[in-house]
Amino acid sequence: MSEDRVTPSAADRIAAAAGRLSAVVEAEGARVASLRWADPRGGAERELLLRTPWAEEPDGPWSMPVSSHEWHRRYRGGWHVVLPRSGDPATIDGVEQPFHGEAAWRVWRLTAAPGGCDATVLLRTVPLRLVRRLRLDGSTIRVTQDVINEGPGPVAFGWLEHPALDGALLDGATIRLGDTDPVDVVKAPRTSFADVDGAQGVCALSVPALDATITMHWDGALFPRAHLWQERRGTTGFPWWGGVDAVGVEPSSDPFRPSTDRLGSLVVEPGETLTATVEISVAPTA
């Protein structure tokens, strides 16, 4: 077992490793850009998260005027936090929200920490400060986030965790939410989306390619829905051009199509903090 290692490799990203996991966190969106697992039975490390074909391509100042189009044009994969609203752009209480909310677009402040890093940002569309703590432990990545209300009144908001797994690893895999029957990951080329009950707060993916199980845990009271996004090279036009293979299991505070008159169903009072933890673990099949 390796020692904990944290490497500030650039001002805009931090690389960390502990136990059998290594991760790269980027300041833009506090995105987990890479999550690699070293199988205890030997062999090379395996990337667990989606990295789109253009993930390492440089970008420029040009952008699409519609935020939903621009999000998909520049999407590089990985694990995002979506807050204070998921889904299409909307104007709520006279304030415009971009596709998937302000937090995913902002540049966060990153600080190295033992076995991981901390990320902070003060949103401007709502008076919320976000503090996100990522830690690696054995074969588990644990992300704990505080949502702090620094405004004069209660703030309603939505919250979705958006980890996208590498679909190429999931051929023949199954997804089991809570105690429900497992369902097969769709076969490429195909797309699928479902908004399902996530209140039990656990999802297990049986992954034959790794001879392992990937398990996710979250607070089902805060995230009672789970969005299952499967883009398995099924979209041949913009934005994926048949080149993206992703499977996302996304704990969500709200249904896929949230209300159009409020940001979301969660509420944090002035001066108070709402905290949630999401974990992803990998274990070899017994």
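All figures in this text were calculated on a predicted structure; none of them were measured in a lab.
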Considering non-hydrogen atoms only, spot the tightest contact between [X] and [Y] and give its length.
X	Y	result
Pro208	Ala173	CD-CA, 3.8 Å
Asp197	Pro224	OD1-O, 3.5 Å
Arg76	Trp54	NH1-O, 3.2 Å
Trp218	Gly198	NE1-O, 3.0 Å
Cys203	Ile175	SG-CG2, 3.6 Å
Ser34	Glu47	OG-OE1, 2.5 Å

Within the 3.5 Å criterion, strictly below it, is a donor on [X] or [Y] matched to an acceptor on the partner's side chain?
X	Y	result
Ser139	Trp37	yes
Glu161	Trp79	yes
Asp146	Thr275	yes
Gln97	Thr125	yes
Arg132	Gln145	yes

Report yes if the side chains of [X] and [Y] come closer than 4.5 Å at any heavy-atom pair, otherwise no.
X	Y	result
Thr174	Val185	no
Asp195	Arg225	yes
Val244	Thr235	no
Thr140	Ile280	no
Asn149	Glu272	no
His162	Val81	no
Leu228	Val196	yes
Pro89	Ser68	yes

Is it the case that the side chain of [X] and the backbone of [Y] share a donor-acceptor pair, with hydrogens and angles ignored and the cut-off at 3.5 Å?
X	Y	answer
Trp229	Glu250	no
Arg31	Gly77	yes
Arg106	Leu122	yes
Ser192	Glu231	no
Glu70	Met64	yes
Glu26	Ala30	no
Asp12	Ala27	no
Asp219	Ala221	yes
Glu102	Arg124	yes
Gln230	Val186	yes

Crowded around Glu150 CD? As in, over 12 foreign heavy atoms under 6.0 Å?
->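 Yes - once you tally the heavy atoms of other residues, nucleotides and ligands closer than 6.0 Å, there are more than 12.
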[X]-[Y] co-clustered via ILVMFWY side chain contacts under 4.5 Å:
X	Y	answer
Val155	Leu83	yes
Leu49	Val247	yes
Val82	Val126	no
Leu266	Val143	yes
Val25	Val107	no

Trp108/Leu130 under side chain to side chain contact (heavy atoms under 4.5 Å, CB included): CA gap, chis, key distance, verdict | CA-CA 9 Å; Trp108 297 48; Leu130 311 182; 3.7 Å; yes
Apply the test side chain to side chain contact (heavy atoms under 4.5 Å, CB included) to residues Thr273 and Val268: give CA-CA distance (whole Å), side-chain angles for both, the deciding distance (0.1 Å), then the verdict.
-> CA-CA 7 Å; Thr273 299; Val268 59; 5.8 Å; no
Looking at His100 versus Trp105, is the centre-to-centre ring distance below 6.0 Å?
->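 They do not qualify: ring centres at least 6.0 Å apart.
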Given the side-chain rings of His72 and Phe99, with only the six-membered ring counted for Trp, is the space between their centroids under 6.0 Å?
->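 Centroid distance His72-Phe99: below 6.0 Å, so yes.
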May I ask you to decide if the ring planes of Phe238 and Trp241 are parallel, tilted or perpendicular, using 30° and 60° as cut-offs?
->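 Aromatic pair Phe238/Trp241 classed perpendicular.
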Is the His227 ring parallel, tilted or perpendicular to the Phe256 ring (thresholds 30°, 60°)?
->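 Ring orientation of His227 relative to Phe256: perpendicular.
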For the [atom1] atom of [X] and the [atom2] atom of [Y], what is their distance to the nearest 0.5 Å?
X	Y	atom1	atom2	answer
Ser206	Arg176	OG	CZ	11.0 Å
Ser253	Leu222	OG	CG	8.5 Å
Leu48	Leu210	CG	CG	6.5 Å
Leu21	Ile141	CG	CD1	7.0 Å
Leu170	Ile214	CG	CD1	6.0 Å
Leu110	Thr120	CG	OG1	8.0 Å

So, [X] and [Y], do they make that salt bridge, N to O below 4.0 Å?
X	Y	value
Asp254	Arg262	no
Arg20	Asp137	no
Asp118	Arg109	no
Arg41	Asp211	yes
Lys187	Asp171	no
Asp245	Arg232	yes

Please report the C-alpha distance between Leu177 and Gln200 in whole Å, then the side-chain angles of each, then the deciding distance to 0.1 Å, and finally whether the side chain to side chain contact (heavy atoms under 4.5 Å, CB included) criterion is met.
-> CA-CA 8 Å; Leu177 280 156; Gln200 294 188 53; over 6 Å; no
Going through the checks in order, is the side chain to side chain contact (heavy atoms under 4.5 Å, CB included) test met by Leu205 and Thr213?
-> CA-CA 6 Å; Leu205 295 96; Thr213 298; 5.9 Å; no
